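To start, the structure itself, in C-alpha cells.
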Protein chains: 2
Amino acid sequence: MNIGEVSDKSDLPPKTIRYYEDIGLVKPLRGPNGYRSFRESDMHKLAFLGRSRALGFTIEDCRNLLALWDDQDRASADVRAIAREHLEQIESKIADLNSIRDTLSHLVRECAGDHRPDCPILKKLGNFSK
Amino acid sequence: MNIGEVSDKSDLPPKTIRYYEDIGLVKPLRGPNGYRSFRESDMHKLAFLGRSRALGFTIEDCRNLLALWDDQDRASADVRAIAREHLEQIESKIADLNSIRDTLSHLVRECAGDHRPDCPILKKLGNFSK
DNA sequence: TTAGGGCTTCCACCTACTGGAAGGTCAAGG
DNA sequence: CCTTGACCTTCCAGTAGGTGGAAGCCCTAA
C-alpha cells in the first residue's frame with residue numbers, strides 16, 4: 001500500500017504518517033522506487049494511533065500503548081495505569097475549563113455589549129477601574 | 001522597576017515578560033545600563049495579560065483585548081465578541097473532553113487491570129481482536 | 001511525449017513559552 | 001579596591017504535534 005491509500009483508510013494525513021515514521025512509531029518498508037510500502041500491520045498501527053490520539057493520549061503515551069499492544073505477555077494493569085493517569089489529567093483539564101467557562105460566561109452576561117465604552121470584562125481583566 | 005520586581009508583582013516569569021516584549025505586547029523603557037525599566041502602566045498591562053492568559057485567551061486575543069483596553073472609545077460589543085467566541089471554543093473543548101472522558105472511564109472500568117494479558121482498552125484502540 | 005497526480009526529501013513555521021550559555025552590572029562585605 | 005553573588009542582558013535551541021511549501025522523482029494514460 002502506498003501512503004495515499006493508507007492515508008485514506010486510516011484517516012490520517014500523509015504528512016502525519018511521514019511524521020510518525022520520522023519519530024519511529026511506524027516502520028513501513030520501501031519499494032524499489034523509494035516509495036513507502038505499508039503492510040496491513042502498519043495500517044493497523046496507524047489506525048490505533050489515530051484512535052489513541054483522538055482520545056487525547058500524547059505521542060509518548062501512544063508509543064507505550066503500542067509497545068504494550070505488541071507485547072502478548074504484558075499485564076493489562078500496565079495499560080490501565082496509562083489510561084487512568086490520562087483520565088485524571090483529562091478530568092483536571094475539564095475542571096479547569098469549567099471554572100474558566102463560569103468566569104467568562106459571567107463576564108459576558110454582565111457586559112452590555114453595546115456601543116457604550118463601559119465594559120466589565122476589561123474592568124475585570126484590568127482589575128481596577130480605568 | 002526592574003524585571004525581577006515586575007515578575008514578582010505580576011506573577012509572570014521574567015522569561016515570559018521578555019517574550020511579551022519581543023512580540024510587542026509591552027514596551028518597557030531602558031535604563032542607561034541596558035536594563036528594562038517598567039512603568040506602572042507596563043505592570044498593569046502585564047497583570048492584564050496574566051489574567052487574560054489564565055482565562056485561556058490566545059496571545060492574539062490578548063493583543064486585541066489590550067488594544068481595546070487602551071482605546072477609550074471602543075464599544076463594549078467588540079470586547080464581548082472576543083469573549084463570546086472564546087467562550088464558545090471553551091464550551092466545545094469541554095464537550096470534547098467530556099466525551100473522551102466517558103469513553104476512557106468506561107474502558108478503564110472494563111479493564112481488569114491485573115496480571116492477565118487480556119485488555120479491553122487495547123482491544124478498543126486496535127478495534128479488532130488480536 | 002507530455003500532462004497530471006502521487007511520491008520523495010528538506011526546511012521553515014505554528015503556539016507560547018522555557019532552558020541554558022556567555023557575559024555585563026550592581027550592592028555588600030572584607 | 002576586590003571579590004562574590006544576585007540580577008540583568010542577548011542569543012540560540014528545544015518543547016508537542018504537526019502543517020505548508022518548494023524542488024524534484026516516478027508512474028500512468030492519452
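Sequence lines set the chain letters: A, B, ... in the order given, protein chains first and strands last, and positions in each chain run from 1. As the structure is a prediction and not an experimental result, all values here were calculated from the model. FYI, side chains are in, hydrogens and waters are out, and symmetry mates aren't considered; it's all heavy atoms of this structure.
Following rounding to the nearest Å, R63(A) (CZ) and dG18(D) (P) show an atom-to-atom distance of 12 Å. Atom CG in N2(A) sits about 10 Å away from atom C1' in dC27(D), given to the nearest Å. Taking atom NE2 on H86(B) and atom P on dT15(C), their separation rounds to 16 Å, with Å as the unit. Between M1(B) atom CE and dC8(D) atom P there is a gap of 12 Å when expressed in whole angstrom units. Between the CG atom of L46(A) and the P atom of dG18(D) there is a distance of 12 Å, rounded to whole Å.
The shortest distance between side-chain heavy atoms of W69(B) and K45(B) falls below 4.5 Å.
Side-chain N/O atoms of R36(B) include none lying less than 4.0 angstrom from OP1 or OP2 on dC8(D). Residue R53(B) places at least one side-chain N or O under 4.0 Å from the OP1 or OP2 atom of dC17(C).
Rounded to the nearest 0.5 Å, atoms CG (L104(A)) and CD (E88(B)) are 11.0 Å apart. Here the CZ atom belonging to F38(B) is positioned 12.5 Å from the NZ atom belonging to K27(B), to the nearest 0.5 angstrom. Rounding to the nearest 0.5 Å places CG of D42(A) at 9.0 Å from CD of E21(A).
Residue-to-nucleotide proximity on DNA chain C shows that, of Y35(B) and I59(B), the 5′-proximal contact is made by I59(B).
Y35(A) and V26(A) fall into different hydrophobic clusters, where Ile, Leu, Val, Met, Phe, Trp and Tyr side chains are chained together by heavy-atom contacts under 4.5 Å.
Between L46(A) and L12(A), the closest heavy-atom pair is O-CD1, 3.5 Å.
Near DNA chain C, defined here as any heavy-atom distance below 4.0 Å, the residues from residues 5-32 of chain B are P13(B), K15(B), T16(B), Y19(B), Y20(B), listed numerically.
Nearest nucleotide to the I3(A) side chain, out of dC7(D), dT8(C), dA16(C): dT8(C). Out of dT9(C), dG24(C), dC26(C), the shortest distance to the side chain of N33(B) is found at dC26(C).
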